[in-house]
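Proteins get letters first, then strands, A, B, ... in listed order; numbering begins at 1 in each. Here the structure is a predicted model, which means the values were calculated and not measured.
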There are 2 protein chains.
Amino acid sequence: MNGKLEDKRARIVDSADRLFYQQGYRQTSFTDIARETRLPRGNFYYYFPSKDAILAAVVAARLTAIQHMLNEWERSASDPRQRIDRFLQMLRTAAGELSRFGCPLGTLAQELGKAGAAPPLPIYQLFEPFRGWLTRQFEAMGSAGAADEQAMHVLVRAQGATQMSHIYGRPSILEHELDRLSEWLDGL
Amino acid sequence: MNGKLEDKRARIVDSADRLFYQQGYRQTSFTDIARETRLPRGNFYYYFPSKDAILAAVVAARLTAIQHMLNEWERSASDPRQRIDRFLQMLRTAAGELSRFGCPLGTLAQELGKAGAAPPLPIYQLFEPFRGWLTRQFEAMGSAGAADEQAMHVLVRAQGATQMSHIYGRPSILEHELDRLSEWLDGL
DNA sequence: GTCTATAATGTGATAGAC
DNA sequence: GTCTATCACATTATAGAC
């Protein structure tokens, strides 16, 4: 049902997602999205009421994609330590792209966090699925420190490593920091 | 010499610096700078040839400010471990502002790193003074690992802690992570 | 040197033909 | 449903009066 319409909506969200990631939200114009999606500029207002609405759809799509990823990790391993390793492996696999364009969540959050921008939802909610999932893994591990602080610590180091790797344009920075993070986890 | 002219140039750079930090470079218009500095919009082109030139001046000003800060830390302590502590103390003192607006270097680097932006200089050079200085401190400490990797590790954790603290709007995240970083340094 | 008026361009958004 | 033409506005930048 609604095949064509939903189809084009999805195409728009898909292209916008990629462009927002690589160029930033504000820097990406309807002309850019039109070029990528081969749709006339004026037509976007048939599918979405505003540019902000496209952003909201992109954010929603990312959130569901994250949920699917977390569910997959939950299924593929029963040991919490191994599950966290899935997270690190994902970052390692994406090291090249992360080094080129930064973290898709972090860069968007930073742009929308600037004064004058109107985020579609509190920006930290982009990280809440990861934070909640990591917290549950640390709880299951029964490690010494508070689980929620351990979870935030992992996010801090992953985010920092991704950003410095991006700034210096060197994937090896992220890869090396992921090794250190893995060692730290083993020492718990 | 050139009192008035250099004075206004400095006022422009000063206001632009603050606005670029709080709102982002692209989001800040000449109208914004004009309001803050009480100068007519059109006059900026007497003092600077373009908006990019203002950005370049802001970046240059930040770099010299960083150098002065590093020199001060170098003077105020002879023990390298204590010098690194000066760095951490600076972050702790600024935790409120960092939590509100993010890292002035990191957010600018991220914005200028997006495709289509023309940075006044390779963005990683904003971090090079800190990285070089930290590397020299770790060399003086003669710790186990490679000094340059230790330096990058500190930058990674400081940057990540600042960004997550900013995203969640909670200074305590940065403060807590600075405690952990301090403990890690003590364990070297 | 200082200011105002305005050009040139690109943006998000709308109206209306087909 | 799809497309084109165009609006209203903000932006950087320029020209020229005083």
Check your understanding: Going through the distances and angles, do D79(B) and R83(B) end up as a salt bridge (Lys or Arg N to Asp or Glu O under 4.0 Å)?
Key -> CA-CA 6 Å; D79(B) 178 37; R83(B) 284 174 178 164; over 6 Å; no

Check your understanding: Of the residues in residues 22-30 of chain B, which ones touch DNA chain D at a heavy-atom distance under 4.0 Å?
Key ->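 The answer is T28(B), S29(B), F30(B).
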
Hey, mind stepping through R92(A) and D179(A) against salt bridge (Lys or Arg N to Asp or Glu O under 4.0 Å) and telling me if it holds?
-> CA-CA 10 Å; R92(A) 190 180 292 277; D179(A) 288 340; 2.7 Å; yes

Q.
Ring of F44(B), cation from K51(B) - is the NZ or CZ under 6.0 Å from the centre and inside 45° of the axis?
A.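 No, cation not above the ring by the 6.0 Å, 45° rule.
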
Q | Lys/Arg-Asp/Glu bridge criterion (N-O < 4.0 Å) met for D14(A), R18(A) | A | yes

Between R136(B) and E139(B), does any side-chain N to carboxylate O distance fall below 4.0 Å?
no

- E97(A) CD: over 12 foreign heavy atoms closer than 6.0 Å: no

If you count every heavy atom of other residues, nucleotides or ligands that lies below 6.0 Å from Q89(A) atom CD, does the total exceed 12?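 Yes, CD of Q89(A) has more than 12 neighbouring heavy atoms, counting only those of other groups under 6.0 Å.
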
Rounded off to whole Å, could you give me the [atom1]-to-[atom2] distance for the [X] and [N] pair?
{"X": "D52(A)", "N": "dG12(C)", "atom1": "CG", "atom2": "C1'", "answer": "10 Å"}
{"X": "D7(B)", "N": "dG1(C)", "atom1": "CG", "atom2": "C1'", "answer": "15 Å"}
{"X": "F44(A)", "N": "dG1(D)", "atom1": "CZ", "atom2": "P", "answer": "18 Å"}

A correct 5'-to-3' footprint of nucleotides 3-8 of chain D, with B, S and - meaning base, sugar-phosphate only and no protein heavy atom under 4.0 Å, is BB----

Assign each of P49(A) and D32(A) the nucleotide of DNA chain C bearing its closest heavy atom; nearer the 5' end lies the nucleotide of D32(A)

Given 3.5 Å as the limit, does a donor-acceptor pair link the side chain of R41(A) with the main chain of F30(A), or not?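 Not a single qualifying donor-acceptor pair exists.
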
Among dA13(D), dT2(C), dA13(C), the nucleotide that comes nearest once only the side chain of S50(B) is considered =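 Looking only at heavy atoms from C-beta outward on S50(B), the closest nucleotide is dA13(D).
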
K51(A) has its side chain closest, among dA13(C), dG1(C), dA13(D), to dA13(C)

Please classify the nucleic acid contact of Y47(A) as base, sugar-phosphate, or nothing, using heavy-atom distances under 4.0 Å.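 Sugar-phosphate contact only - Y47(A) comes under 4.0 Å of backbone atoms but never of a base.
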
Taking only side-chain N and O atoms of Y45(B), does any of them lie within less than 4.0 angstrom of OP1 or OP2 on dT14(D)?
no

Side chain to side chain contact (heavy atoms under 4.5 Å, CB included) test vs P104(B) passes for just one of V58(B), L98(B), L126(B), D17(B), namely L98(B)

Original post:
For DNA chain D, what are the stems built from at least three Watson-Crick or G-U pairs in a row, each pair having both distances below 3.5 Å?
Top reply: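 C:1-18 with D:1-18 - these are the stems of 3 or more pairs that involve DNA chain D.
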
For F87(B) and F130(B), take the angle between the two ring planes, folded into 0 to 90°, and tell me which bin it lands in: parallel under 30, tilted 30 to 60, perpendicular over 60.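 Answer is tilted, since the angle falls between 30° and 60°.
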
### Message
Quick check: do E74(A) and W133(A) have side-chain heavy atoms less than 4.5 Å from each other?
### Response
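Yes - at least one pair of side-chain heavy atoms lies under 4.5 Å apart.
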
